[in-house]
Amino acid sequence: MIFILSAITGLILPLAHARDSATIDYNISSTFVTATVRAIESETKSVDSGYERTVQQVVLHVNDGEQKGKILHLENGILGDRKDMELAVGDRVIVEVLPKA
């Protein structure tokens with residue numbers, strides 16, 4: 001099974017349109033790498049606004065690209081009881097890497 005995660009390496013995208021759009025650079029390039037799940041550090045269930053959510057803290061090993069060999073610690077959010085969104089050790093994922101600001 002292959003999942004797509006987004007790894008932000010120092011960049012937070014604006015969630016709302018700012019009044020002065022001239023100061024925002026919307027031409028952000030990203031790259032994609034593959035990674036393997038090495039460990040599930042924790043799994044926490046919660047209810048937020050009436051929706052069940054499980055959060056996995058995962059450890060990934062990057063398999064290719066400029067980040068090859070790097071270890072990433074990311075959060076995987078699972079909505080409700082979506083077994084298809086759960087990660088397990090050994091799963092391969094695709095990670096989007098955004099440039100630092």
What do the steps show when you test Gln57 against His73 for side chain to side chain contact (heavy atoms under 4.5 Å, CB included), and what is the final call?
CA-CA 7 Å; Gln57 298 295 330; His73 295 263; over 6 Å; no
Considering all heavy atoms of both residues, which atom of [X] and which atom of [Y] are nearest to each other, and what is their separation?
X: Val89; Y: Ile40; answer: CG2-N, 4.2 Å
X: Ser29; Y: Pro99; answer: O-CD, 2.8 Å
X: Asp91; Y: Glu86; answer: OD2-O, 4.1 Å

Could you give me the CA-CA distance, side-chain angles and deciding distance for Asn76 and Val55, then say whether side chain to side chain contact (heavy atoms under 4.5 Å, CB included) is met?
CA-CA 6 Å; Asn76 179 42; Val55 176; over 6 Å; no
same_hphob_cluster(Val62, Val59) at 4.5 Å side-chain heavy-atom cutoff:
no
Distance col, row Asn63:CG vs Thr36:OG1, nearest 0.5 angstrom, shows 3.5 Å
Hey, what do you get for NE2 (His61) to CD1 (Ile71), rounding to the nearest 0.5 Å?
5.0 Å
May I have the step-by-step check of side chain to side chain contact (heavy atoms under 4.5 Å, CB included) for Glu96 and Leu98, ending in yes or no?
CA-CA 6 Å; Glu96 181 180 17; Leu98 301 174; 3.7 Å; yes
Worked verdict on Thr54 versus Thr44 for side chain to side chain contact (heavy atoms under 4.5 Å, CB included):
CA-CA 5 Å; Thr54 302; Thr44 308; over 6 Å; no
So, Arg53 and Glu43, do they make that salt bridge, N to O below 4.0 Å?
no
Out of Val97, Val95, Ile94, which one pairs with Phe32 under the side-chain contact (heavy atoms from CB on, under 4.5 Å) rule?
Ile94
Any donor-acceptor pair under 3.5 Å from Asp64 side chain to Thr34 backbone:
yes
With distance as the sole test, does Gln56 use its side chain to make a donor-acceptor pair with the main-chain N or O of Leu87 at under 3.5 Å?
yes
Are more than 12 heavy atoms, taken from residues, nucleotides or ligands other than Glu66, located less than 6.0 Å from that residue's CD atom?
no
